[in-house]
Protein chains: 2
Amino acid sequence: MGNSHLIEGSSVQSVDRALRILEILAEQGEYGVTEIASELEIHKSTASRLMSALQARGLVEQLSDRGRYRLGMGLVRLAGTVTSSHSAVSGSRTVTRALAQEVGETVNIAVLEGNEVLYVDQVIGPSMVTMRSWLGKSVPPHCTATGKVLSAWLDPESRVAARPHTWAKLTPNTITSVSAYEAELAKVRELGYAVANEEMENDFVAIAAPIRDEHDEVIAALCISGPASRIKSADFETLGHIVKLSATKLSGKPDFGRE
Amino acid sequence: MGNSHLIEGSSVQSVDRALRILEILAEQGEYGVTEIASELEIHKSTASRLMSALQARGLVEQLSDRGRYRLGMGLVRLAGTVTSSHSAVSGSRTVTRALAQEVGETVNIAVLEGNEVLYVDQVIGPSMVTMRSWLGKSVPPHCTATGKVLSAWLDPESRVAARPHTWAKLTPNTITSVSAYEAELAKVRELGYAVANEEMENDFVAIAAPIRDEHDEVIAALCISGPASRIKSADFETLGHIVKLSATKLSGKPDFGRE
DNA sequence: AATGACTGTTGCCCATGACGCAACATTATG
DNA sequence: CATAATGTTGCGTCATGGGCAACAGTCATT
């Protein structure tokens, strides 16, 4: 066959194409059938039929009849059940909420998805200054406390795979070399928590600690974040230990299906 | 062909099967290949290959090698972009948060998905700590203020389609007849807002108003909810108008793709 | 208004890719 | 240790997905 864009391990062509459509829509927001067809290098009609299949299950919806498509609310419904079946997130509300009130800052839970950090749950702190909602958003690991935590305890091979593609220098403090990054990860392993001090954007500070499963594997990161004016470097150690303690409470829980 | 479980309009068999797998996993939490195969009445090998395709794109993940499957975090990532591209939700935080502070109650945004009400965004009020727990959860329309709002302005045909399958009597106040329900919807159209007074569960009251798009179509519902001890029937009218006002602020915004 | 270029959708028919079979590798269970 | 589960994988066939082209609406230009 001509264009074998098939991802490794994915053996069902039409399904893979349908899922790539979802990814494209996630990036582009809205897209027409023709645009998708040319992107995937398939025929209009094929794309149209794939869209119908996705639409029938509510994963995409078209704006008007015979119009463009975008992702559908069915995805929200599916995603809602994801977090509840994940041990790191399910039943975590008591802990995260208590943490948010204790430190007065926004609390997040994040996992590693490929080489990006994906925020899967969030509690916004009492402050008036609301950061944007991060749920479902992903960021590179090298400039975030969560990214450092999720990378630090990986075996060397996976750690390389989890590195960012490009070491974008987002602020003066951003780490942009492999050696400095590895040194930072070693420090994270030693301390048991990670700090990102204005490394992703100015005036934005975060502190994260690992959530582990029953086998002591790091499966997620618990994170607090806020403006530099409230989270000062003198408080890093105290806050680090508080986050570590909360993360420990969330650790060691076995997986369960639906609860 | 033997078992034509194909949903109306879905013309690609393998894609439809893959999406049904996602729905099954959403219900069951975890499932093995064999269980899925018997559920869909397909062969183990087929199910296994479909799972591989889903896994390659991160929509499902298996717990251990050669183990069971569950929904994956890729769904969270996809769902995260859904709300931001929906006009009713994107940029709504300012309004919802202000409303939550004004009335001191939890604020939700919901949309209609088939014949269920799907909560797509939430701000919890009284504690001044925002969190998302209903996200992705759905409830029947006949016992909720959001459901009434989302049904009230539908054309008669769609209104029938949006009716619940079973009129479960969840509390003494639950509406359980079509005629009473239609009368209630007429009242909602007249008032411009809906009330659910302990109709889903005891001590739980909600008030909702419609969010409209630029063509005045109702695309979502804005809702406040809280215990009956705080939201008394004497306040329904005042609160109804407040919710209506906030909903108007969220209305009329054109769709945009990615912003 | 009428034209033209653009959408997305749909029957048709062929070949391709998805499916069922069965043998395999593993892990749980007695 | 044996038995019975599980999930995975080559293989061959036939259903089925996909390319073609005609169709039907929509928008922009004239």
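Below, chains carry the letters A, B, ... as their sequence lines are ordered, and counting in each starts from 1.
- As rounded to whole Å, 17 Å separates atom P of C:dT16 from atom CD1 of A:I42.
- A salt bridge between A:E23 and B:R57 is present, with a side-chain N of the basic residue lying under 4.0 Å from a carboxylate O of the acidic one.
- The nearest whole Å value for the distance from the CZ atom in B:R68 to the P atom in D:dG7 is 8 Å.
- Under the side-chain hydrogen bond (donor to acceptor under 3.5 Å, both in side chains) criterion, B:R163 pairs with B:E182, sequence neighbours left out.
- An OP1 or OP2 oxygen of C:dG20 is reached within less than 4.0 angstrom by a side-chain nitrogen or oxygen of B:T46.
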Subject >> Contact letters for nucleotides 21-30 of chain C, in which S counts primed atoms plus P, OP1 and OP2 and B counts the base, heavy atoms under 4.0 Å >> reply: BB--------
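- Side-chain proximity of B:Q13 to D:dT8, D:dT16, C:dA18: nearest is D:dT16.
- Distance, B:L40 CG to C:dA18 P: 17 Å, rounded to whole Å.
- By the side-chain hydrogen bond (donor to acceptor under 3.5 Å, both in side chains) test, B:T248 pairs with no residue at all, sequence neighbours left out.
- For B:Y193, there are no side-chain hydrogen bond (donor to acceptor under 3.5 Å, both in side chains) partners two or more places apart in sequence or in a different chain.
- Applying the ring pair (Phe, Tyr, Trp, His ring centres under 6.0 Å) definition to pairs two or more places apart or across chains, those involving residues 135-158 of chain A are A:H142-A:W167.
- The CD atom of B:E41 sits 11 Å away from the P atom of C:dG20 (whole-angstrom rounding).
- In terms of modelled atom types and a separation under 3.5 Å, the side chain of B:S158 and the main chain of B:L154 share no donor-acceptor contact.
- For C:dT9, one of the phosphate oxygens OP1 or OP2 lies less than 4.0 angstrom from a side-chain nitrogen or oxygen of A:Y69.
- Overall bending of the helix from C:dT7-D:dA24 to C:dG30-D:dC1, expressed as the angle between end axes built from five pairs apiece, is 60° (10° steps).
- The distance between atom CZ of B:R17 and atom P of C:dA18, rounded to the nearest whole Å, is 12 Å.
- Side-chain nitrogen and oxygen atoms of A:S48 include none within less than 4.0 Å of the OP1 or OP2 phosphate oxygen of C:dG8.
- Between the C1' atom of C:dT7 and the CG atom of A:L63 lies a distance of 14 Å, rounded to the nearest Å.
- Distance, A:L54 CG to C:dG8 C1': 15 Å, rounded to whole Å.
- Annotation: side-chain contact (heavy atoms from CB on, under 4.5 Å) contacts of B:D65 (sequence neighbours excluded): B:Q62.
- For the salt bridge (charged side-chain N to carboxylate O under 4.0 Å, His left out) test, residues two or more places apart in sequence or in another chain that qualify with B:E35 are B:R68.
- Along DNA chain C, the nucleotide nearest A:G32 and the nucleotide nearest B:S14 are compared for position; the residue whose nucleotide lies closer to the 5' end is A:G32.
- With rounding to whole Å, A:L50 atom CG is found 14 Å from C:dT9 atom C1'.
- Checked against side-chain hydrogen bond (donor to acceptor under 3.5 Å, both in side chains), A:E116 has the following partners two or more places apart in sequence or in another chain: A:S138, B:R77.
- Closest approach to the B:V33 side chain among C:dG8, D:dG7, C:dG20 is made by D:dG7 (side chain taken as heavy atoms from C-beta onward).
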